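Shown next, in structure tokens, is the structure this report addresses.
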Amino acid sequence: MIVIVWQVAATWRARMPAAREGQYKELATRYARLPEDTVELQRRTVEEQRQTLDELTRSRLAIGSMEKMMREIE
């Protein structure tokens, strides 16, 4: 019985570093991908800012046209 318990404990201890190594590899992979993800997020942010600026410009033009029309009516 003692031998069985001893072998189970030894097997469990041997598997622990392997499990940790897998977690470290996954973490390293995620860390390596982080700069690429950051660049992609920055690209999307710039594109959204451009779209917002375009919408704001169109809104300003429309408001300017409406103001001009209202002045002409008065």
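Being a predicted model, the structure only gives us computed values, none of them experimental.
Considering only residues two or more places apart in sequence or on other chains, Lys25 meets the salt bridge (charged side-chain N to carboxylate O under 4.0 Å, His left out) condition with Glu21. In this structure Ser59 satisfies the side chain to side chain contact (heavy atoms under 4.5 Å, CB included) test with no other residue, sequence neighbours excluded.
Among residues at least two apart or in separate chains, there is no salt bridge (charged side-chain N to carboxylate O under 4.0 Å, His left out) pair with a member in residues 63-72.
Ile73 belongs to a hydrophobic cluster whose remaining members, ordered by chain and number, are Met69; membership requires side-chain heavy atoms of ILVMFWY residues under 4.5 Å apart, directly or through intermediates.
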Residues 44-56, side-chain donor-acceptor partners within the protein, below 3.5 Å, at least two apart:
unit_1, atom_1, unit_2, atom_2, d
Arg44, NE, Glu40, OE2, 3.4
Thr45, OG1, Leu41, O, 2.8
Thr52, OG1, Glu48, O, 2.9

